[in-house]
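Residue numbers count from 1 along this sequence. Numbering of ligands and ligand atoms starts at 1, following listing order. Everything numeric here is computed off the predicted structure, so don't read it as measured data.
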Amino acid sequence: MHLRTRAIHVGNEHDPQTGAVVRPIHLAATYVQPGAGEWGEFDYARTGNPTRKALETTVASLESGVGGLAFASGMAATHCATMLLEAGDHILAGTDIYGGTYRLFKKILDRAGIEVSLAPSTDLGTFQKALRAETRLVWIESPGNPLLSITDIRACADLAHGHGALLAVDNTFATPVLTRPLELGADVVMHSATKYLGGHSDVLGGVLVVKDAELLKRLHFIQNATGGVMAPLEAFLCSRGIKTLELRVREQCRTAAALAQFLARHPRVLRVHYPGLPDHPGHQIAARQMDGAFGAIVSFEVDGLAAAKRVVQGTRLFQLAVSLGAVESLIEQPALMSHASYDRADRLAHGITDGLIRLSVGLEAPEDLQQDLEQALAKA
Ligand SMILES: Cc1ncc(COP(=O)(O)O)c(C=O)c1O
C-alpha cells in the first residue's frame, strides 16, 4: 500500500463496537483487568492507551518500523532515546541540530555522566574522527536547522554501526513522505509531532519509531518508567493530521521550491538555503535521499540584523512565530528568535548570520505568499 493510503487506513480501522469510521478518543486512566495479577492489552494509561496506540501504529507504518511510541513533546521523545545510555557513554551529534536538542544534550545529560560532542555530520571525514570508543549513539538531523544542511543518512548509519553505536535521526523536517531513515540503515527515528505530523499548530507531541522489536521494548520500559506520554486528545488530533500528511507536505514543498527560486532572483536577497536549488552543497545527496521533493522550509539572507528584522516584521501572511510544519506560513529571524541562546560568535561560526530569515511555507496560494514576501522585502 502507498504511504498516503496507509496514513488513512493503518491504525485507523473502524470501531468494531459501533462501526464508527473514526475511532473514539479513549480518556480512561485505568482499565478493568481479567483477574488479579492478569493483564489485558491495556491496564493503565501511562503504560498504554488505545488512542495513542492507533497513532503509534500509523507512524510506525509510515516510517517502516516495527513499532512506535508517542510522547508529550518532541523533547520527551528525544530524552527517552538518550536514556538508553549510561554514565560514561558518549553521544556524537551533528552541528546543525535543533537548539532544544543541543540544550538537552549539553545541559541535562552531562548531569547523568553522558558526554556529548558535536561535529559536522555533512563532512563525513571530520564526523568519523569525532567518534570515540564510548560512542553509543549518533544523532543527526537532515535537513538541518536553520541552514537546511543535508546529511548522508546511509553513510552515517555505516559509521555508527562500525563503532557499535546506534544511529538516531530527527526526521521532523523531512517527514516520512520525503525520507524514511530506517530504510536507509538508521535504528531510531524521532519526530516533533508538533510540526508536520500534527500539521495544524494545535498539538504538542513527539514520536519515536524503531525497526528492532527488542529496542522497542527497552524504549517502552523507559517511557513507562519516566511517564512523558502523549495524551489521548493530542494523539487523536495527530492521527487526524497524518491523514493529509502527504498531500500537505507535497503541496507545501511545491510552493517552497517556487519561493526559493523567487528569492534567489531577488536583488535584496544575498543567499538562499534550500536543498532543492542546484547550487546547495547537499543537493545531490538530497536528490537521492529525499523522495521527489526537498522540504518546505526555506532560509535566506538579507543584509544585516536590522534589515532582516524589518522583513520579518513586515509580512502580512507569514506570521512572526517559531515552530514550523503547519498549514499557516511562518517567518522567523534565527539570530533573535530560535537561535538567540547561542553566543553571537558561536552562532556566526555555525553560519547563522544576523541577516538570516527562516520560512516555514504553508498551504496558502503560492502567488499570495510571493506577493507578501515581495512587499516585505521592499522594506529590507
Ligand atoms: C527539528 C526539531 N526537533 C525537535 C524539536 C522539539 O520538539 P517539541 O517542540 O515538540 O518538543 C523541534 C521543535 O521545534 C524541532 O524543530
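With respect to Glu214 and Arg218, no salt bridge is recorded, no charged nitrogen being found less than 4.0 Å from a carboxylate O. In summary, Glu332 and Arg358 engage in a salt bridge, as defined by a charged side-chain N under 4.0 Å from a carboxylate O. Salt-bridge formation is detected for the pair Glu41/Lys53: a Lys NZ or Arg NE/NH1/NH2 atom is positioned less than 4.0 Å from an Asp or Glu carboxylate oxygen.
For atom 7 (O) of ligand 1, the nearest non-hydrogen atom of the protein is Ser192 OG, 3.0 Å. The protein heavy atom nearest to atom 1 (C) of ligand 1 is Asp170 OD2, 3.4 Å. Distance from atom 6 (C) of ligand 1 to its nearest protein heavy atom, with residue and atom name: Tyr98 CE2, 3.4 Å. Looking at atom 12 (C) of ligand 1, its nearest protein heavy atom turns out to be Lys195 NZ, 3.4 Å.
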### Steps toward side-chain contact (heavy atoms from CB on, under 4.5 Å) verdict (Leu148, Phe173)
CA-CA 9 Å; Leu148 290 314; Phe173 272 37; 4.0 Å; yes

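Atom CD of Glu38 has more than 12 neighbouring heavy atoms from other residues, nucleotides or ligands inside a 6.0 Å radius.
Every residue two or more places apart in sequence or in another chain that forms a side chain to side chain contact (heavy atoms under 4.5 Å, CB included) with Arg6 is listed here: Met1, Leu3, Val10, Ser61, Leu62.
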Quiz: residues 362-374 side-chain donor-acceptor pairs under 3.5 angstrom, not counting sequence neighbours:
residue	atom	partner	partner atom	Å
Glu364	OE1	Ser329	OG	2.7
Glu364	OE2	Ser329	N	2.9
Asp372	OD1	Arg316	N	2.7
Asp372	OD1	Gln375	NE2	2.9
Asp372	OD2	Arg316	N	3.2
Asp372	OD2	Leu317	N	2.8
Asp372	OD2	Phe318	N	3.0

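Assignment of Gly205 to the shell around ligand 1 is supported, since a heavy atom sits closer than 4.0 Å.
At under 3.5 Å, not a single nitrogen or oxygen of Met190, backbone or side chain, sits near a nitrogen or oxygen of ligand 1. Any N or O atom pair closer than 3.5 Å counts here, and Met75 shares at least one such pair with ligand 1.
Nearest-residue assignment for atom 10 (O) of ligand 1 (options Ile297, Thr194, Val207; heavy-atom criterion): Thr194.
Each of the following atoms of ligand 1 lies closer than 4.0 Å to a heavy atom of Glu141: 1 (C).
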